[in-house]
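Remarks on the structure that follows.
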Amino acid sequence: MSDSLLLDTTTRIFEDLCDPRTVNAARDGKWKDTLWEALEGSGLTLAWVPEEHGGAGAGLADGFEVLAVSGRFAVPVPLAETLLAGWLLAQAGLSCPVGPMTVAPSRLRDTVTVRGDGTLAGKAAAIPFAAAANTLVVLADRDGAATVVRVDRSECTIRTSQGFRDDGRDLVELDGARPVELAPLGPGLGSDCLALMGATVRAVQIGGALEAILALATDYARERVAFERTISRFQAVQHNLARLAGETAAAVAAAGSAADTVATGTGGDDALFLEAASAKVRAGEAAGTGAAIAHQVHGAIGFTEEHVLHRFTRRLWAWRDDFGSESEWAVRLGRFVAAAGADDLWPLLASR
Amino acid sequence: MSHAIQFDQLRLPGEAEELRLEVRAFLADEIASGGFDPAASVLRGGFDRAFSRRVGARGWIGMTWPKRYGGGERSFLERYVVTEEFRVANAPTGAHFTADRQSGPVLLKYAPEHIKNDVLPRITRGECCFCIGMSEPNSGSDLFAASTRATPTAGGYLVSGTKLWTSNAHNADYMIGLFRTSPPTAENRRHGLTQFLVDLSRSGITINPVRNMAGRHEFNEVVFDDLFIPDDHVLGEVDGAWKQATSELAYERSGPERFLETFYVLPELVRVLGGDPDTRGAEGIGRLVAQLHALRRMSVSVAGMLEAGKEPVLEGSIVKDLGTVWEQELPARARDLAAFVDAAPGNRATFDELLEFATVIAPKLTIQGGTTEVLRGIIARGLGLR
């Protein structure tokens, strides 16, 4: 683990202000404001915004480490979304406002366009924290050019959804919305850049949350007594937890590899695509399998609102859908491999 | 993280990638000149002493070992690249792989100097084949139940008993055998076993073939009848072999051979599904590739940790558990995905032949070198559950 100041600061803020048990037991949402103020005050929310645009100018690698920790705490404020939004603004050289932000689209099939009169057209489903954000940063199409658009939430119609009961996954209607600012993406980036970056971010968070539920389930199994012994003594339980450890390890390794590829910018477009797609597929699979095992180990108590497990598992289910599900990325990756041909498969894998 | 599972991020260094190109050129030359036939290696077995000598001549056996024993003093990451390229090319490494991966390192650590000087250079030249004598009729996963006895006698030991499932014993020059020198103690049931170097050319050894369900003669029953082993062939601590096993497990369990044994099915699947597969085919390929990429990244990470002097035993067990389950499922998943491919004559003949072979050998993958159940027990112990 890095010894960076940023990471230490983040971890301390999470420990102090969003301990899952404390948050889960809170009667109102006041802690949310306190947490957000602390994150914003320390510069974390704009970690991926260059200093000349008012950000913290931290490296991508540091940001990914922060996001892994945020997954371990199931952080319930739009930190990842604001980081992504700041990153996207920076890719077009746009300045960055303060306050919580989110990005759109988060579904691979949704498209938003900039019309001739400069207003937006289209809608974006399942946008995390749309209702809580002041600003939406949209990757839109303007006459065939990928364009980054900053728009105030008040310009959009937001239809909230029950969904996974966390964080909001809202339908955002953008027809007629007037941007605050917009600019084309910088050179070297394509219209899939938000999908690749978002997929990597979610994979990293999934890895962190899986580490947390592995620890929860392991601790629980060592405490819970049934049939006159702790359930950790039962081989069936041990093997389930061993599988959870394997799924966690696979997600963390795949996500870490993709984050490293993004952060170092090595290997070119094919490498980035292989890494981000694989990370989202593998972490998404691990999220499903891992959540199921953690719940099975916890039994009925894990199905209650009172227990913290759901803070992680509901986010795991939501995150695996964001910026492309396992199925969607697998189809893209499979088409890519098939088009390149059988003899290029191993060289592609070995290149990473 | 709280349970200390660690997969350090690692990219293979430049010298390893340069070596990869050399290895690919060597393998391409071998195939072109008839040095080996990849499909035949898969279907009819990959034991070829002449090939191993050519590999030895390139310096690719024992390549991490000290130069004074014939090694190359190269990094474990360079060895990793050689191992995976040979595996993917279906090269016939049977005559040297066991010695290179396992037996040589055991000798390096525990054999007396004159034996190291005698045996290790021969291994690196590809002239010396090893097998591993662990399992017995009543001791498989439960290694510490081994009962083949080594009884002290003048100048050495007399060994009697039977080893079973000993791969390559009929081809090998030496075995590293695990024999009982004392009974287990009440406090430690793992006590009492000792590792020995066994020269298979000595009298007192009978090797009987045990054909496997694929019709191949790979493993054997090895019967010892008062076999004499000299004192200097003891490897490590008498009665203390259990202490020696664990650190070697990470090497043995985390390599690319633990998820690439049926790899040949995957490119053939891509071939039969064609350049523009339907959604179902594309998703199937995509998931397999994503999973394989993740496995390889984990395995490379463990190689890096080993190179850095760590002992990632838990991580190595996780790689073998996930890797062997993946390579075992691969033929079944490929079969499903190819179900609607036109069966016109010749269209999928190679695919079908390899698929059927992989299906037949698949059951062994989660048994050999530590069963899934044993591995999950080790992982559970690492999690603090046992």
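Numbers restart at 1 for each chain; the letters A, B, ... are given by sequence-line order, proteins then strands.
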Could you tell me whether Gln368(B) atom CD has more than 12 heavy atoms of other residues or ligands within 6.0 Å of it? yes

Could you check which of Lys280(A), Glu285(A), Arg282(A) has the highest count of heavy-atom pairs closer than 4.5 Å to chain B? Glu285(A)

Side-chain heavy-atom pair His239(A), Glu373(B) within 4.5 angstrom cut-off: yes

Which atoms of Glu315(B) come close to chain A, meaning under 4.5 Å heavy atom to heavy atom: side chain ones, backbone ones, both, or neither? neither

Measure the CG-CG distance between Leu349(A) and Leu266(B) for me, rounded to the nearest 0.5 Å. 8.0 Å

Separation between CZ (Arg386(B)) and CD (Gln235(A)), nearest 0.5 Å, reads 7.5 Å

Heavy atoms of other groups near Glu17(B) CD, more than 12 under 6.0 Å: yes

Per-residue contact mode, Gln9(B) against chain A (heavy atom under 4.5 angstrom): side chain

Donor on one side chain, acceptor on other, Arg11(B) and Thr261(A), under 3.5 Å: yes

List the steps and the verdict of side chain to side chain contact (heavy atoms under 4.5 Å, CB included) for Glu275(A) and His293(B). CA-CA 8 Å; Glu275(A) 293 271 8; His293(B) 169 74; 3.0 Å; yes

Contact summary for Leu385(B) and Arg222(A), nearest pair of heavy atoms: CD2-CG, 3.9 Å

Where does Ala350(A) contact chain B at under 4.5 Å (heavy atoms): side chain, backbone, both or neither? both

If you tally heavy-atom pairs under 4.5 Å between each of Ile378(B), Leu288(B), Val270(B), Leu273(B) and chain A, the highest tally belongs to Val270(B)

For Ala253(A) and Met298(B) the tightest heavy-atom approach is CB-CG, 3.5 Å

Backbone N/O of Gly256(A) and side chain of Arg297(B): donor-acceptor pair under 3.5 Å: no

Does atom CZ of Arg348(B) have more than 12 heavy-atom neighbours from other groups under 6.0 Å away? yes

When the 4.5 angstrom heavy-atom criterion is applied to Thr279(B) and chain A, the contacting part is both

Interchain contact, Arg24(B) with chain A, by part (heavy-atom threshold 4.5 Å): side chain

Residue from Ala339(A), Ser257(A), Gly334(A), Gly246(A) scoring the most non-hydrogen pairs under 4.5 Å with chain B is Ser257(A)

Residue part contacting chain A, namely of Arg381(B), when any heavy atom lies under 4.5 Å: neither

Could you walk me through whether Leu383(B) and Leu214(A) pass side chain to side chain contact (heavy atoms under 4.5 Å, CB included), step by step? CA-CA 9 Å; Leu383(B) 294 173; Leu214(A) 173 61; 4.3 Å; yes

Where is the tightest heavy-atom contact between Ala380(B) and Ala242(A), given as atom of each residue plus distance? N-CB, 4.5 Å

Checking Ala221(A) against chain B: side chain, backbone, both or neither under 4.5 Å from a heavy atom? side chain

Any salt bridge linking Asp343(A) with Arg271(B)? Criterion: basic side-chain nitrogen under 4.0 Å from a carboxylate oxygen. yes

Pick one of side chain, backbone, both or neither for Glu328(A), based on which atoms fall under 4.5 Å of a heavy atom in chain B. neither

Answer key: most heavy-atom pairs under 4.5 Å with chain A among Leu295(B), Val88(B), Leu375(B), Asp276(B) is Val88(B)

Just how far is it from atom CD1 of Ile318(B) to atom OG1 of Thr248(A), taken to the nearest 0.5 Å? 8.5 Å

Take a 6.0 Å sphere around CG of Asp336(B) and say whether it holds more than 12 heavy atoms from other residues, nucleotides or ligands. yes

Please round to the nearest 0.5 Å and tell me the distance separating atom CG of Leu241(A) and atom CD1 of Ile379(B). 11.0 Å

For a quick test of reading the model, state the closest non-hydrogen atom pair linking Ala294(B) to Ala250(A) and the distance between them. CB-O, 4.4 Å

Just how far is it from atom CZ of Arg243(A) to atom CG of Leu322(B), taken to the nearest 0.5 Å? 10.0 Å

Begin with the C-alpha distance, continue with both residues' side-chain angles, and end with the deciding distance and a verdict on side chain to side chain contact (heavy atoms under 4.5 Å, CB included) for Arg287(B) and Leu333(A). CA-CA 8 Å; Arg287(B) 283 190 190 252; Leu333(A) 181 55; over 6 Å; no

Output for pair (Leu292(B) CG, Leu345(A) CG), nearest 0.5 Å, gives 7.5 Å

Quick one: closest heavy-atom pair of Pro277(B) and Ala338(A), and the distance? CD-CB, 3.4 Å

Check whether more than 12 heavy atoms from other residues, nucleotides or ligands sit under 6.0 Å from atom CZ of Arg333(B), and answer yes or no. yes

Between Val289(B) and chain A, which part of the residue has a heavy atom less than 4.5 Å away: side chain, backbone, both or neither? both

